[in-house]
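Protein chains get the first letters and strands the later ones, always in sequence-line order, with residue 1 at the start of each. These numbers come from a predicted model, not from an experiment.
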Number of protein chains: 2
Amino acid sequence: MSQHRPPGAPERPVAVPALPDLPEATVARLPEYLRALHNLAENGHETVSSEWLATAAGVNSAKLRKDLSHLGSYGTRGVGYDVALLIDQIEYVLGLTQRRSVALVGVGNLGHALAGYDGFATRGFRIAALFDADPVRVGEEINGLVVQHVDELSRVATEESIAIGVIATPAAAAQRVADRLVAGGVTSILNFAPCVLTVPDGVDVRKVDLAIELQILSFHEHRKASQTALPAAGEAALPPLPGNLAATNPQEAIGT
Amino acid sequence: MSQHRPPGAPERPVAVPALPDLPEATVARLPEYLRALHNLAENGHETVSSEWLATAAGVNSAKLRKDLSHLGSYGTRGVGYDVALLIDQIEYVLGLTQRRSVALVGVGNLGHALAGYDGFATRGFRIAALFDADPVRVGEEINGLVVQHVDELSRVATEESIAIGVIATPAAAAQRVADRLVAGGVTSILNFAPCVLTVPDGVDVRKVDLAIELQILSFHEHRKASQTALPAAGEAALPPLPGNLAATNPQEAIGT
DNA sequence: AAGCGCTTGTGAAGACACGCACAAATCGCG
DNA sequence: CGCGATTTGTGCGTGTCTTCACAAGCGCTT
Ligand SMILES: NC(=O)c1ccc[n+]([C@@H]2O[C@H](COP(=O)([O-])OP(=O)(O)OC[C@H]3O[C@@H](n4cnc5c(N)ncnc54)[C@H](O)[C@@H]3O)[C@@H](O)[C@H]2O)c1
Ligand SMILES: NC(=O)c1ccc[n+]([C@@H]2O[C@H](COP(=O)([O-])OP(=O)(O)OC[C@H]3O[C@@H](n4cnc5c(N)ncnc54)[C@H](O)[C@@H]3O)[C@@H](O)[C@H]2O)c1
């Protein structure tokens, strides 16, 4: 990716030297834009308007333009954004120009799925090491990597300069694993265990909790149900019909 | 749980009849409080202060109190909140008093892990049906459920009144699966495929994207690196040391 | 060279979320 | 019975996020 230089682009090869400090909400959306842009690039699009890209990413177009303006990215008025240039810019800002190494701890049900997931490799990351506490699992080879004992975690993380750790152990073990990751120099943690982690300043933790997502959905189910039940008790819920995609929808440019 | 009536509680057995419409940010935190409360209940706590619970859930205590005040929940000044009562209240508001049925579509790598996950059952949900398009997988039994063909999806979802669907198929298939879910009367979707779904009004979609989470972490890594590199080039990054838990930390009441 | 249509970038306003700080309420104790 | 210790519930200032709406800029056509 990012082979050709766009017509109206500035001289400098890639981007701003110092990182602007983006609003957190913007940072959370950039990866979504990036994915949509890669899809567009694969489909041969060279430029894209904010309207189009916004629809593809599922956001408001004004929001998208403001997000992009934050990283100083130049679109061209009357034309749109250069797809390849924008990919470069976003990848640079997100720090994806270097492939980052990830340690995965806990190779159980979920850990196995993660270890075999190709979405790591295709989106800028490399699983560099696997760890587990279960002696039965240690030594097992998954996807070309041998599972190591969690006691080795801090040493290996330090030696291989691993900066990101993924925790897929039971909740009871998660805090101790996090401590070991931190001791090994890891400064970013993605936690799948349903518990709160305590880490020193300077270490970022993000959490993915399936049950929480479902419970949020459950709340909205509950509210929808009580709303259609109460107001006049006469109106039925609107009949659910598929086929809601317009032919000219930007989405069609995406999943082939 | 929730056996005894708390001292100062109102006469009515459980909760407000009409749902207050909570701020979305509050809704997203309630499940976290709920999890912490269940931990406290298991450890024999009968009441809990906002300070304690807030720490256990990893939030500011004022925020927690405001969240709880939104759902009209009564704590007792000078004492705190009754754990069992609060669990009931939150479970009621989240609609967890009835166990909700979930359809899981796509029984591949990730789908298998999800199908075997006990966090569904323990937190208010029941996997009611599994679906896949691969003829080899159809008929396979997982955890007591037989995988059905995705062509049956709409029919089964309607018949079994399934309101929540989980998509764990490749991105290319996700939109079509979503359409079928909606046709089957599903009004809440949890999407693990890295793509944007288009659904009619009234249908809620939440998305979990591993790569996005990692890319957000990558951004912060990048920023940390450029910050410690630039300012005076003299200060080393603070040495990472574990063991940062104070003995009196509320967390200790949790993971046993 | 001028005009026209299209699209970006952004000012401003409104909506939302956060967290401090304190009054009000409750309990326990003397 | 009254008082002090404690903790809730919330008013309010502050900051962040979202969205609208439009001027400014660009390229194409005439
Ligand atoms: N399975 C899912 O679909 C799913 C979904 C969402 C969240 N989760 C969460 O992810 C975590 C893992 O789930 P799972 O289903 O894979 O569980 P699992 O029991 O199958 O796997 C856990 C693995 O962690 C290992 N482990 C235990 N203690 C360890 C330690 N101290 N150090 C290193 N490894 C250790 C175990 O040996 C095991 O291999 C749990 O916290 C679960 O709640 C799972
Ligand atoms: N594996 C992971 O750890 C992981 C992590 C995050 C996200 N994801 C995402 O989750 C999804 C599934 O990942 P995976 O690793 O399990 O992939 P997978 O290929 O192992 O499984 C996909 C399953 O979906 C089935 N399928 C395909 N088309 C279908 C259709 N139209 N209807 C029903 N079923 C269909 C396939 O037969 C297969 O069993 C992907 O979108 C992936 O990007 C996976």
[X] [atom1] to [N] [atom2]: how many Å, rounded?
X: A/D82; N: D/dG27; atom1: CG; atom2: P; answer: 13 Å
X: B/L22; N: C/dC18; atom1: CG; atom2: C1'; answer: 17 Å
X: A/L64; N: C/dT7; atom1: CG; atom2: P; answer: 14 Å
X: A/D67; N: D/dC17; atom1: CG; atom2: P; answer: 10 Å
X: A/L53; N: C/dT7; atom1: CG; atom2: C1'; answer: 14 Å
X: B/H70; N: C/dC16; atom1: NE2; atom2: C1'; answer: 11 Å

Between the side chain of [X] and the main-chain N/O of [Y], is any donor-acceptor distance below 3.5 Å?
X: A/H70; Y: A/D21; result: no
X: A/K224; Y: B/V203; result: no
X: B/N43; Y: B/H45; result: no
X: A/S218; Y: B/L94; result: yes
X: B/Q175; Y: B/T198; result: yes

- request: State whether the distance check finds a donor on one side and an acceptor on the other, under 3.5 Å, for side chain A/K66 versus base D/dT19.
  value: yes

Just the table, please: protein N/O against nucleotides 28-30 of chain C N/O, every pair under 3.5 Å.
none

- request: Pick base, sugar-phosphate or nothing for A/A25, based on heavy-atom distances below 4.0 Å to the nucleic acid.
  value: sugar-phosphate

- request: Check the pair B/L214 / A/L190 against side-chain contact (heavy atoms from CB on, under 4.5 Å), numbers first and verdict last.
  value: CA-CA 7 Å; B/L214 287 177; A/L190 180 55; 4.0 Å; yes

query: Do any side-chain nitrogens or oxygens of A/N60 fall under 4.0 Å of OP1 or OP2 in D/dC17?
result: no

- prompt: Are any of A/K63's side-chain N or O atoms less than 4.0 Å away from OP1 or OP2 of D/dT19?
  reply: yes

Positive for side chain to side chain contact (heavy atoms under 4.5 Å, CB included) with B/I212, one of A/R123, A/R206, A/R35: A/R123

Distance (rounded to the nearest 0.5 Å) between A/R65 CZ and A/L68 CG: 10.0 Å

Protein-nucleic acid N or O pairs under 3.5 Å, nucleotides 5-9 of chain D:
| residue | atom | partner | partner atom | Å |
| --- | --- | --- | --- | --- |
| D/dT7 | O4' | B/G78 | N | 3.1 |
| D/dT7 | O2 | B/G78 | N | 3.4 |
| D/dT8 | OP1 | B/S50 | N | 2.5 |
| D/dT8 | OP2 | B/S50 | OG | 2.5 |
| D/dT8 | O2 | B/R77 | NE | 3.1 |
| D/dT8 | O2 | B/R77 | NH2 | 3.3 |
| D/dG9 | OP1 | B/S73 | O | 3.4 |
| D/dG9 | OP1 | B/G75 | N | 2.8 |
| D/dG9 | OP2 | B/Y81 | OH | 2.5 |
| D/dG9 | N7 | B/R65 | NE | 2.9 |
| D/dG9 | O6 | B/R65 | NH2 | 3.2 |

task: State whether A/K207 and B/E32 are salt-bridged, where the test is any N-O pair (Lys NZ or Arg NE/NH1/NH2 against Asp/Glu carboxylate O) under 4.0 Å.
output: yes

